[in-house]
Amino acid sequence: MASVWEVSTLLDALQRDLQARIDPQSWAMIGIYTGGVWIAEELHRRLGIVTPLGQLDISFYRDDFSRVGLHPQVKASNLPFAIDGARLILVDDVLYTGRTIRAALNEIFDYGRPEQVLLAVLVDRGLRELPICPDLAALRLRSNPDDYVKLRGPQPLSLEFVQHPATEQQP
Amino acid sequence: MTRRWIRHLRLIDPESGRDWQGDIAISEGHIVGLGEVPADFVADEEIDGSGLIACPAFIETQFQAHTPGHGRNGDLESELRAAAAGGFGTVVLDPTCEPIADQPGVICEQQVAATALGLLRVHSAAALTRELRGAQLSEMEALLRAGATVFSQGQRAVADSRILRLALSYAADLGRTVFLWPEDDSLAAGGVMDEGPLSLRLGLPGRPQAAEDIGVERDLRVAALAGARVHFPSLSSAQALARVGVARKAGQEVSAGISLHQLLLSVEDIGHFNTRSKSLPPLRSRENREALRRALGDSLVQCLSVQHQPWGREEEGQTFAQAPFGIAAAEWTLPLALRLVEEGWIDLLTLLRLLTTGPAAVLGLPAPRLALDAPADLCLFDPEAECIPTLQGFSRGRNHPYAGWPLRGQLRYLFVAGRLVHCNSPA
Amino acid sequence: MMPWRMGEGDPQRDSEGRLRNLLSIEGLREGEIIEILDSAESFLGLGERTVKKIPILRGRTLVNLFYENSTRTRSTFELAAKRLSADVLNIAVASSSAAKGESLLDTVDNLLAMQVDGFILRHPEAGAAHLLARHLGERAWVVNAGDGQHAHPTQALLDVFTLRRLAGPISERVVVILGDVLHSRVARALIHALSILGCPQIRVVGPRTLVPPELHSLGVHVWHELEPALAGANVVYALRMQRERMDAQRLPSLEEYHRRYGLTAARLRLAAPDAVVLHPGPMNRGVEISAEVADGPQACILDQVTHGLALRMAVLARLAGGGA
C-alpha cells in the first residue's frame with residue numbers, strides 16, 4: 001500500500017513550530033544531503049534566516065565504511081559560517097535509525113563547538129537504533145524495516161510511504 | 001640379488017625400434033629372459049606387468065644435485081630419488097656444484113657419494129675451464145682419471161673465442177664430448193627472462209633469443225676449427241636448433257638437446273612474476289615453442305632433458321630478478337614427456353629414443369637396450385594412470401610450475417642394474 | 001593483458017574478483033578507474049576545509065615500506081593516510097640492509113604481528129609488490145608505490161586525474177610521452193591507464209636506445225624524432241632523464257639528449273595551442289624540460305602534486321573499505 005503526502009502542508013507545520021522557537025537573525029541552518037537540503041532550502045527561505053544555508057554530506061562519517069566502502073561521488077560539505085558558539089538547526093528529511101544524525105553531529109563537531117543544535121525532520125519513521133530524538137517532526141509514522149519511506153524532489157517535493165506487502169496484514 | 005620375473009608387459013626397445021608383448025626376467029643385474037622367458041627360470045619375485053610398458057631407464061644429460069654442496073638446495077640422495085621417480089636410471093651431474101667440479105677431488109667425491117647411495121648410475125661432467133670462467137683450461141686428463149665422463153661449461157658461456165678453441169682442441173685429444181653453453185654473454189647480460197613484449201610489460205631485463213643464435217653460430221665454427229665433438233644440452237631457439245641441424249648434415253660432430261620445459265611452457269607462463277617459471281635458457285615465445293615442437297618430428301633434436309635444478313626454501317620468496325634460475329621437475333619427467341605424445345607432437349618410440357639412446361650416444365655410452373644380457377636398467381610405467389604433480393616431492397626444490405597439471409603416466413618400477421630403486425605400485 | 005596459466009590468479013583481486021590490492025594499472029577495469037578518480041574529486045574538496053581529517057580509517061594501521069628513497073611519494077602517502085585518521089608507520093629500508101639483512105617477507109611478517117591493515121610498498125625490484133601480495137593473501141592489502149621498472153599505479157592515476165581535470169576527456173586526446181620509456185614504471189603505468197580510458201593515440205618519443213620500436217606491443221606509436229611527434233599533441237608528458245643511462249651507454253651525453261629531445265618553449269609551440277605539460281618529478285631543468293616550460297603557463301606539474309594527495313586518499317579508502 002502506498003501513501004503520498006503533500007509536503008507543503010508538512011512544511012507549514014515545521015515552519016510554524018520553528019518560528020515559535022528560533023530567531024532567524026541569530027540561528028543558522030544546516031541541511032543533510034540530499035533530501036535534508038531540499039527541506040532546508042525551503043525552510044531557510046520561509047523563515048528568513050539571515051546566515052547562508054549550510055549543507056552536509058555525511059559520507060565520510062558513516063559507520064558502515066568497513067562493510068560498504070565509500071560512495072564514489074561525495075558532494076562537498078559546505079558550512080559557510082563559524083560553528084563555534086553557533087545555534088544550529090539541523091535538518092533532514094527522514095529520521096530512521098539515527099545513524100545519519102550521529103554522523104552529521106560528528107562532522108559538525110569537527111568544525112567547531114556549537115552552543116546548541118535543534119534537530120528538525122520532515123518524517124520520523126521510528127525504528128531508532130541510537131538514542132537520537134528529533135526536536136521537531138512534521139509527521140510521525142509507524143513503519144517496519146521492509147517499508148519504504150522516501151522524499152522525492154526537488155520539484156515538486158513529495159513524500160512516499162510504501163508498506164511492504166507482508167506488513168500490511170499486521171494490525 | 002633378487003631374481004625377478006615380470007609378466008605381460010608391452011616391451012619397447014628404442015635401439016631396434018621393436019615394440020612387442022612379453023615378459024622380462026632379471027638376474028644378477030642383467031636381462032636374462034626377454035619376451036618368452038625360459039620356463040625353468042626360478043624367480044624370487046613375480047610381478048604382474050599387465051598394462052605396463054617396459055623400456056630402458058632414462059638418461060639425463062644435465063642434472064643438478066648440488067653435490068658437493070651445503071645441502072640446503074638438495075643433496076645427491078634427495079635429488080636422485082626425485083630422478084628415479086621420474087624414470088631416470090642414469091644422470092650426468094652438472095659441474096656447477098660447490099666447489100665447482102674442476103678438481104679431481106670433486107669428481108671423486110661425487111663418485112664415492114653415488115656409489116655409497118647405490119641408487120642410480122651417476123656420471124660426472126667435469127668443468128672444461130677452471131671455475132667455468134672460460135679463461136684457463138682445467139686439468140682435463142686428471143679429471144677423466146678421477147672418473148669424469150664428459151666435459152661441460154655448465155650454464156656459462158666461454159666469452160673468449162681463442163680460449164674456447166684451445167679448450168676444445170685439448171678436449172678433442174681426449175676423445176670426450178664437450179657440453180657447451182651457447183649464448184653471447186654481453187648481449188644477454190643481466191637478462192632474467194626472454195626479451196620480448198612480456199619483458200617490456202613487466203619492466204624486466206631480457207635475454208634476446210638472438211644471443212643464443214649468435215652463441216651457437218660462434219661455438220659451431222670454433223668447434224669445427226678445433227675438431228671437437230660438442231653437445232648443446234639445452235637449446236631454446238628453434239633457429240639455433242635448425243643451425244645445428246645444418247652443421248650435422250654437413251658432417252660436423254655436434255648434437256643438440258632441448259628441455260621439456262621449452263616444449264611444454266612458454267614465456268607467458270611467467271605471467272604475474274611467477275618465479276617457478278624462471279629458467280635458463282629462458283622460456284621463449286609461443287611461436288618459438290611451436291617451431292621447437294615441429295623440430296621434434298624433423299629429427300633435429302638428439303636428446304630431451306628435464307634440466308633438473310632444485311632450489312630449497314631459503315631461495316623461495318624472492319622477487320623475479322633475485323630468484324635463482326632453474327626448474328626442479330625431474331620427478332615428473334615421465335608424465336610430462338608423455339604429454340608430448342598425447343598431444344601428437346611425437347610418437348612414443350621417438351620420445352623414448354630421445355630419453356635413452358639419444359643421450360647415451362651424446363655421452364659416448366653404450367646404447368641402452370631391451371635385449372638379452374643387457375644391463376637391467378628398466379623403466380616400467382602405466383601410460384594411462386593419472387598423475388598430478390605436487391609442489392613438494394622427493395626433491396628439496398619446490399621450484400616448478402607444474403603443480404596441479406592433469407597429466408597421465410605413472411612410473412611403477414624402476415630398476416638400475418637389476419636393483420629395484422623406485423616402486424610405486426598400487427598393490 | 002597477460003594470459004594466465006593454471007596455478008595462479010591475479011593477486012590484485014580476491015577470490016570474488018574484487019580489487020584487493022593495487023599493484024598495477026594492468027588488469028583494472030575502466031569503471032574501477034573512474035570510480036577512483038571520482039572519489040579523488042571528493043577528497044580534493046577536503047583540502048579546502050580547515051578540518052582536513054575525516055574518520056574513515058580510524059583504528060587502522062598502515063605501513064609505508066620504502067626500499068627506495070622518496071621523500072615526495074612517501075610523505076604524500078603518509079599525509080593521505082593521516083587525513084583519513086589512520087595510524088601510519090614509516091619504514092625506510094636502507095638499500096644495503098635490504099641486500100644483506102632481513103628479507104622483504106620477513107620484515108613484513110614481523111609487522112603483521114603488530115596488526116597492520118595495509119602496506120604501501122616501494123621497492124627497486126619489479127614484481128616485489130606482487131610477491132608481497134601473494135604472501136599476504138587475505139591478511140593485509142598492498143599498494144604498489146613503485147616496483148623497479150614495472151609499475152607505479154598511483155602515479156598514473158593521479159596523472160589521468162590531472163588530465164581529466166585540466167585537459168578534457170582522455171578519449172579525445174593525443175598524448176605524447178617523452179623520454180626514457182624503456183626504464184620508466186611511470187610511463188608503463190600511464191600507457192595502461194590511457195589505453196583503458198580509451199585514449200585514441202599514445203605516442204612515445206625518444207632515442208631508439210631508450211624507446212625501442214618493440215614498445216608498439218604495448219599499443220603505442222613509437223617515434224624517434226620529437227618535432228613531428230608533437231604535431232597535434234594535447235598532452236606532453238616529459239619523463240625524467242637519469243644519469244645512469246649515460247653510464248650504461250644508452251646516451252652519449254645529457255647535452256645531446258637535450259638537443260634532440262629537450263622540451264623547450266619553441267618545441268612546445270609545435271603541439272596543440274592549449275597543450276598541457278606534465279612531469280612525474282623531480283625535474284631536471286635544462287635536460288628533459290627547459291625552465292621556461294617547467295615554470296610556464298602550460299605546465300600542470302604542481303597540480304599533479306596536489307592531485308596526488310587526493311588520489312592517494314581515494315586509493316587507500318578504496319582498498320580499506322568494504323563493498324565492491
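Here is how names work: the chains are called A, B, and so on, in the same order as the sequence lines, proteins then strands, and each is numbered from 1.
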Exercise for review: Can you see which heavy atom on Ser217(C) is nearest to which on Arg201(B), and at what distance?
Suggested key: O-NH2, 3.8 Å

Revision key, fill the gap. Nearest heavy-atom contact between Gly317(B) and Leu131(C) is O-CD2, 3.5 Å

Check your understanding: What closest approach, in Å, do Glu125(C) and Ala321(B) show between heavy atoms, and which atom pair accounts for it?
Key -> OE1-CB, 3.1 Å

Point to revise | Whether over 12 other heavy atoms sit under 6.0 Å from Glu386(B) CD | key: no

Check your understanding: Just by modelled atom types, is the Leu200(B) backbone N or O under 3.5 Å from a matching donor or acceptor in the Arg188(C) side chain?
Key -> yes

Point to revise | Crowding at CZ, Arg139(C) (>12 non-hydrogen neighbours, <6.0 Å) | key: yes

Exercise for review: Give a yes or no on whether Gln201(C) atom CD has more than 12 heavy-atom contacts from other residues, nucleotides or ligands under 6.0 Å away.
Suggested key: yes

**Study point:** Atom CD of Gln239(B): over 12 foreign heavy atoms under 6.0 Å
**Key:** no

Practice item. Verify the neighbour count for atom CZ of Arg13(C): are there more than 12 heavy atoms of other residues, nucleotides or ligands below 6.0 Å? Key: yes

Revision key, fill the gap. Applying a strict 4.5 Å limit to non-hydrogen atoms, the region of Gln318(B) in contact with chain C is backbone

Practice item. Mind checking side chain to side chain contact (heavy atoms under 4.5 Å, CB included) for Arg408(B) and listing every partner two or more places apart, or none if nothing turns up? Key: Glu342(B), Glu384(B)

Exercise for review: With rounding to the nearest 0.5 Å, note down the distance linking OG in Ser103(C) to CD in Glu314(B).
Suggested key: 11.0 Å

Practice item. Would you indicate whether the side-chain heavy atoms of Pro11(C) and His272(B) approach each other to under 4.5 Å? Key: yes

Check your understanding: Under 6.0 Å between ring centres, would you say that holds for Phe320(B) and His130(C)?
Key -> no

Exercise for review: Select one option (side chain, backbone, both, neither) describing which atoms of Leu23(C) are under 4.5 Å from chain B's heavy atoms.
Suggested key: neither

Exercise for review: Nearest 0.5 Å please: distance from the OG atom of Ser199(B) over to the NE2 atom of His150(C).
Suggested key: 11.5 Å

Practice item. List for me each residue that meets ring-ring contact (aromatic ring centres under 6.0 Å, His included) alongside His192(C), sequence neighbours excluded, and say none if there are none. Key: none

Point to revise | Other residues, nucleotides, ligands: >12 heavy atoms within 6.0 Å of Asp106(C) CG | key: yes

Check your understanding: Taking all atoms of both residues into account, what is the closest heavy-atom pair of Asn274(B) and Arg134(C), and its distance?
Key -> N-NH2, 4.4 Å

